[in-house]
Amino acid sequence: HFNKEIPGGLRQLPGPTPLPIIGNLLELGSKPYLSLTEMSKRFGDVFQIQIGMRPVVVLSGNETVRQALIKQGDDFSGRPDLYSFQFINDGKSLAFSTDQAGVWRARRKLAYSALRSFSSLEGSNAEYSCMLEEHICKETEHLVKEIEKVMKTEGKFDPYRYIVVSVANVICGMCFGRRYDHHDQELVGLVNLSEDFVQVTGSGNPADFIPALRYLPSKAMKKFVEINNRFQCFVQKIVNEHYATYDKDNIRDITDSLIDHCEDRKLDENSNIQMSDEKVVGIVNDLFGAGFDTISTALSWAVGYLVAYPDIEKRLFEEIKENIGLNRNPTISDRSNLPLTEAFILEIFRHSSFLPFTIPHCTTRDTSLNGYYIPKDTCVFINQWQINHDPKLWQDPSSFNPDRFLSEDGSEVNRLDGEKVMVFGLGKRRCIGEVIARNEVFLFLAIMIQKLCFEEMPGEPLDLTPEYGLTMKHKRCNVRASLRLKDGC
Ligand code: HEM
């Protein structure tokens with residue numbers, strides 16, 4: 001890698017000097033999004049660090065990341081073969097595996113079309129514009145009841161614990177055609193373990209880069225393997241039930257539609273991409289995992305910010321009261337009429353940057369960026385946090401201020417500013433759940449704000465410091481909530 005000759009006219013990547021064996025591990029520290037943002041100030045938008053013996057290119061800056069992921073999209077669209085990724089979805093994950101371009105593209109297309117058709121399917125009655133809306137409305141109804149119940153018995157609750165079950169039920173509805181009770185031990189146990197998953201999959205996990213570390217006993221790694229197995233078993237059981245009851249004339253959900261695709265393919269002699277049935281049906285595992293962890297993390301940050309900024313919470317409630325009233329549920333089509341709510345969500349994405357790096361990328365061929373040479377098979381980190389906090393793009397980036405996205409009279413969201421917020425990645429690997437995610441975060445939040453008023457627990461101050469991982473969560477906390485009456489709490 002290092003010894004490869006640099007083609008004429010291109011420069012060698014800048015970066016900090018690595019130590020033997022550990023490379024720049026110490027400088028990376030426990031909050032790599034901060035340390036790598038600091039380094040980008042010294043070395044620029046494209047620089048190289050070494051983790052263990054392995055070189056990693058770190059990209060920052062809106063323009064540079066757009067150039068790499070969009071204009072040179074194919075060059076940067078691979079995934080590196082990281083140690084921890086082989087445990088995810090039995091090594092067959094769509095998002096994390098090193099599938100060759102043809103196979104990955106075919107799977108991504110399948111995942112995208114299954115997701116789109118089962119979220120936009122007609123609802124069971126005219127009250128709902130689509131299945132996604134129906135699932136969310138029904139789940140928020142359960143959620144509000146559960147919160148009311150726990151407030152009566154305990155007087156406080158951990159918002160993540162409740163939100164994650166509701167969000168998981170929305171994606172379960174689309175993937176598996178079923179929902180779980182808020183006290184179902186199997187589901188509640190599973191979805192409350194995602195902290196242990198995201199800790200290991202965060203960019204820069206030392207065991208991914210330093211082979212010797214894999215042989216030391218590690219609690220985090222052991223838990224990680226266990227969670228992946230549990231997750232796999234949970235999904236496999238449901239998939240088996242689907243195979244047993246599959247009827248090609250009645251495709252009930254995403255799992256059925258993936259099974260159906262396998263059956264169709266067997267009849268199609270011209271199909272040229274070779275994929276096992278497991279790789280096709282295993283897509284549902286990725287959709288379920290990505291579909292609950294990200295959105296529940298976003299909503300749990302939303303509750304955190306509501307509690308930390310009661311004035312903003314009040315303004316959000318007023319906006320909903322004025323535009324929708326209190327007699328009907330908000331719907332997805334209300335999104336364009338609630339600019340403050342939209343701005344609040346954008347500011348949560350930007351300020352928390354709870355997905356600080358995309359999933360790591362990898363170059364698929366020798367390439368260059370901003371005049372620097374980057375060889376094939378180089379691991380690449382995309383620092384989304386840096387873009388969302390870059391003082392060149394944002395005034396006073398560290399303050400939480402939804403108004404930064406609004407026009408002066410507050411009646412409109414500035415689209416161009418909204419597009420600068422980077423949480424879904426860009427280009428070929430861009431999140432396939434983005435449209436659903438934006439609608440889902442909006443609708444959950446709008447309904448919660450309409451029905452509930454969240455407040456800090458006296459004596460239990462919130463700690464909104466993010467804990468590093470693939471998705472960053474704030475520490476678990478307790479808040480209280482009361483049902484909204486006409487004019488406030
Ligand atoms: C990939 C963000 C919700 C499915 C990603 C990536 C990011 C991301 C940053 C990696 C992009 C890259 O590697 O460059 C988010 C955020 C969400 C969200 C912030 C919610 C607020 C969802 C949902 C689904 C989903 C709801 C599906 C139900 C996926 C899949 C990939 C992905 C399958 C892998 C794509 C690939 O490797 O080709 N997402 N996501 N995501 N996301 Fe999401």
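Remember, it's a predicted structure, so these values are computed and weren't measured experimentally. For ligands, and for the atoms within them, numbers begin at 1 and follow the listed sequence.
Annotation: cation-pi geometry satisfied between Arg178 and Tyr180 (NZ/CZ under 6.0 angstrom from ring centroid, within 45° of ring axis).
Contact annotation for Leu355 and ligand 1: only side-chain heavy atoms (C-beta onward) come within less than 4.0 Å of the ligand. Residue contacts with ligand 1, taken as heavy atom pairs separated by less than 4.0 Å, do not involve Ile382 at all.
In this comparison of Ala290, Ser119, Gly427, the heavy atom closest to atom 4 (C) of ligand 1 sits on Ala290. Taking all heavy atoms of Gly433, Ala111, Cys431 into account, the minimum distance to atom 43 (Fe) of ligand 1 is reached by Cys431.
Listed by number with element, the atoms of ligand 1 under 4.0 angstrom from any heavy atom of Ile295 are 20 (C), 26 (C). Atom numbering of ligand 1 starts at 1 in the shown order; those under 4.0 Å from a heavy atom of Trp104 are 36 (C), 38 (O). For ligand 1, the atoms closer than 4.0 angstrom to any heavy atom of Thr294 are 3 (C), 17 (C), 18 (C), 20 (C), 22 (C), 40 (N). Interface of Arg108 with ligand 1, defined as ligand atoms under 4.0 Å from a residue heavy atom, comprises 35 (C), 36 (C), 38 (O). Residue Ala95 approaches ligand 1 through these ligand atoms, each under 4.0 Å from one of its heavy atoms: 34 (C), 37 (O). The atoms of ligand 1 that sit less than 4.0 Å from any heavy atom of Leu287 are 28 (C). Of all atoms in ligand 1, listed by their number and element, those nearer than 4.0 Å to a heavy atom of Gln384 are 9 (C). The ligand atoms of ligand 1 that sit less than 4.0 angstrom from a heavy atom of Leu115 are 27 (C), 28 (C).
Among Val479, Ile449, Ile312, the single residue meeting the side-chain contact (heavy atoms from CB on, under 4.5 Å) criterion with Leu306 is Ile449. Partner Phe381 forms a side-chain contact (heavy atoms from CB on, under 4.5 Å) with one of Thr358, Val56, Leu59 and no other, that one being Val56.
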Verify salt bridge (charged side-chain N to carboxylate O under 4.0 Å, His left out) between Glu195 and Lys473, making sure each step is shown before the conclusion. CA-CA 8 Å; Glu195 282 105 326; Lys473 296 154 202 310; over 6 Å; no
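Side chains of Tyr160 and Asn192: no donor on one and acceptor on the other come within 3.5 Å. The closest side-chain donor-acceptor pair between Asn228 and Gln232, if any, does not fall under 3.5 angstrom.
Counting only heavy atoms of the protein, atom 15 (C) of ligand 1 lies nearest to Phe424 CD2, 3.6 Å. Of the protein's non-hydrogen atoms, the one nearest atom 9 (C) of ligand 1 is Val423 O, 3.2 Å. Taking atom 30 (C) of ligand 1 as the reference point, the nearest protein heavy-atom neighbour is Ile432 CG1, 3.8 Å.
If you look at Trp301 and Phe344, their ring centroids are not closer than 6.0 Å. In summary, the aromatic rings of Phe231 and Phe197 are positioned with their centroids too far apart to meet the 6.0 Å limit.
Distances between N or O atoms of Arg429 and those of ligand 1 include at least one value under 3.5 Å. For a threshold of 3.5 Å applied to N or O pairs, the pair formed by Arg79 and ligand 1 contains at least one separation below that value. Checked against a 3.5 angstrom limit, the closest N/O atoms of His361 and ligand 1 fall inside it.
Between His351 and Tyr305, the angle of the ring planes goes over 60°, which puts this pair in the perpendicular group of the 30/60° scheme. In this pair, Phe87 and Tyr83 present their aromatic rings perpendicular. The plane angle is above 60°, beyond the 30 to 60° band. The aromatic rings of Tyr468 and Tyr33 lie parallel to each other, their planes meeting at an angle below 30°, with 60° marking the opposite boundary. A perpendicular orientation is assigned to the rings of Phe349 and Phe424, their planes being inclined by more than 60° (bins at 30° and 60°).
Residue Ile436 places every heavy atom at 4.0 Å or more from ligand 1. Between Asp286 and ligand 1 there is no heavy-atom distance shorter than 4.0 Å. Using a 4.0 Å cutoff on heavy atoms, Glu440 does not count as a contact of ligand 1.
Salt-bridge formation is not detected for the pair Asp286/Arg107: no Lys NZ or Arg NE/NH1/NH2 atom is positioned less than 4.0 Å from an Asp or Glu carboxylate oxygen.
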